[in-house]
Amino acid sequence: MQGIVIQGPTTYYKEIVEAYKDFSNVVWSTWESEPSENLNYIKQYIPVVTSPKPSFPGYLNINLQTVSTIGGIEHLIDCGVTEILKVRGDIICNNLPHLLSLL
């Protein structure tokens with residue numbers, strides 16, 4: 001079973017939700033400090049996992065990316081997902097069905 005982790009800030013939440021809301025096993029993994037308006041909107045369409053930000057973001061924000069990605073992966077594994085595509089919260093993949101078929 002396939003799933004998608006949308007990782008990162010919720011700046012473009014409406015556009016991202018529109019692009020991914022019709023796919024199964026999608027989760028948005030982000031920070032507890034994201035605006036509640038954004039999180040509440042997303043939760044209407046896509047499950048949300050929030051994590052506290054690490055005290056040290058890491059070089060090139062690698063700790064931020066790792067913590068939020070792992071949170072999303074753990075959620076999908078608990079749902080029985082065995083193949084996971086991780087995308088950023090500021091990128092929309094065109095032709096996502098084709099991309100998923102390549103997994």
Side-chain angles (χ1 to χ4, degrees):
M1 184 171 15
Q2 297 176 325
I4 301 169
V5 172
I6 303 168
Q7 176 271 323
T10 61
T11 307
Y12 304 103
Y13 67 99
K14 288 184 180 178
E15 296 90 339
I16 299 297
V17 164
E18 188 60 33
Y20 292 96
K21 70 180 181 179
D22 295 327
F23 289 90
S24 299
N25 302 312
V26 178
V27 63
W28 195 316
S29 188
T30 191
W31 309 110
E32 295 170 343
S33 59
E34 286 296 300
S36 60
E37 174 186 332
N38 298 9
L39 297 175
N40 290 335
Y41 181 89
I42 295 166
K43 288 176 185 178
Q44 295 177 63
Y45 304 96
I46 298 172
V48 174
V49 173
T50 57
S51 302
K53 283 187 175 181
S55 57
F56 175 62
Y59 299 103
L60 302 174
N61 292 325
I62 194 67
N63 290 349
L64 294 175
Q65 295 171 36
T66 301
V67 168
S68 57
T69 299
I70 288 172
I73 289 171
E74 289 174 343
H75 172 85
L76 290 178
I77 287 173
D78 289 345
C79 294
V81 173
T82 56
E83 296 177 331
I84 299 171
L85 174 67
K86 181 262 191 193
V87 296
R88 291 171 32 144
D90 61 353
I91 294 178
I92 296 175
C93 299
N94 65 357
N95 202 352
L96 189 56
H98 177 68
L99 181 59
L100 289 172
S101 76
L102 298 174
L103 286 178

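- Applying the ring-ring contact (aromatic ring centres under 6.0 Å, His included) criterion to F23, with sequence neighbours excluded, gives no partner residue.
- Grouping the Ile, Leu, Val, Met, Phe, Trp and Tyr side chains by contacts below 4.5 angstrom, directly or via other members, places V26 with Y12.
- For the pair I77/E74, no side-chain contact is recorded, criterion being any heavy-atom separation below 4.5 Å from C-beta on.
- Minimum heavy-atom separation, G8 to S68: N-OG, 4.4 Å.
- Atom CD1 of I6 and atom SG of C93 lie 9.5 Å apart (nearest 0.5 Å).
- Linking Ile, Leu, Val, Met, Phe, Trp and Tyr residues whenever their side-chain heavy atoms come within less than 4.5 Å places V48 and Y13 in a single cluster.
- With rounding to the nearest 0.5 Å, the separation of CE in M1 from OG in S24 is 9.0 Å.
- In this structure, I4 and L96 have side chains that are in contact, with non-hydrogen atoms separated by less than 4.5 Å.
- Hydrophobic clustering keeps L85 apart from V49 (ILVMFWY residues linked when any side-chain heavy atoms are closer than 4.5 Å, directly or through intermediates).
- Between the N38 side chain and the T10 main chain, a donor and an acceptor come within less than 3.5 Å of each other.
- When hydrophobic clusters are built by joining Ile, Leu, Val, Met, Phe, Trp and Tyr residues whose side-chain heavy atoms come closer than 4.5 Å, directly or via intermediates, V27 is not grouped with L99.
- The shortest heavy-atom contact between V67 and P54 is CG2-CG, 3.8 Å.
- Considering every non-hydrogen atom in both K53 and S33, the closest pair reads CE-OG, 3.9 Å.
- At a threshold of 4.5 Å between non-hydrogen side-chain atoms, the residues T30 and T50 count as touching.
- Around atom CZ of F56, more than 12 heavy atoms belonging to other residues, nucleotides or ligands sit under 6.0 Å away.
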- [ ] Might you work through the side-chain contact (heavy atoms from CB on, under 4.5 Å) test for T11 and D90, ending with a clear yes or no?
- [x] CA-CA 7 Å; T11 307; D90 61 353; over 6 Å; no
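- P52 has its side chain out of reach of W31: every pair of non-hydrogen atoms, C-beta onward, lies at least 4.5 Å apart.
- Taking CD of Q44 as the reference point, atom NZ of K21 lies at 10.0 Å (rounded to 0.5 Å).
- Using a distance-only test at 3.5 Å, with no hydrogens or angles considered, no donor-acceptor pair links the side chain of T66 to the main chain of N63.
- No more than 12 heavy-atom neighbours from other residues, nucleotides or ligands sit within 6.0 angstrom of CG on N94.
- The local environment of CD in E37 is sparse, with at most 12 non-hydrogen atoms from other residues, nucleotides or ligands closer than 6.0 Å.
- S29 places no side-chain N or O within donor-acceptor distance of the main-chain N or O of Q7, the cut-off being under 3.5 Å.
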- [ ] Show the numbers, then the answer: is there a side-chain contact (heavy atoms from CB on, under 4.5 Å) between I16 and I46?
- [x] CA-CA 10 Å; I16 299 297; I46 298 172; 5.7 Å; no
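- Side-chain heavy atoms closer than 4.5 Å link hydrophobic residues (I, L, V, M, F, W, Y) into clusters, and following such links, even through other members, never connects I92 to V5.
- Contact annotation: the side chain of N25 never approaches that of Q2 to less than 4.5 Å [non-hydrogen atoms, C-beta and beyond].
- W28 is not listed as a side-chain neighbour of Y20, based on a closest heavy-atom distance of 4.5 Å or more.
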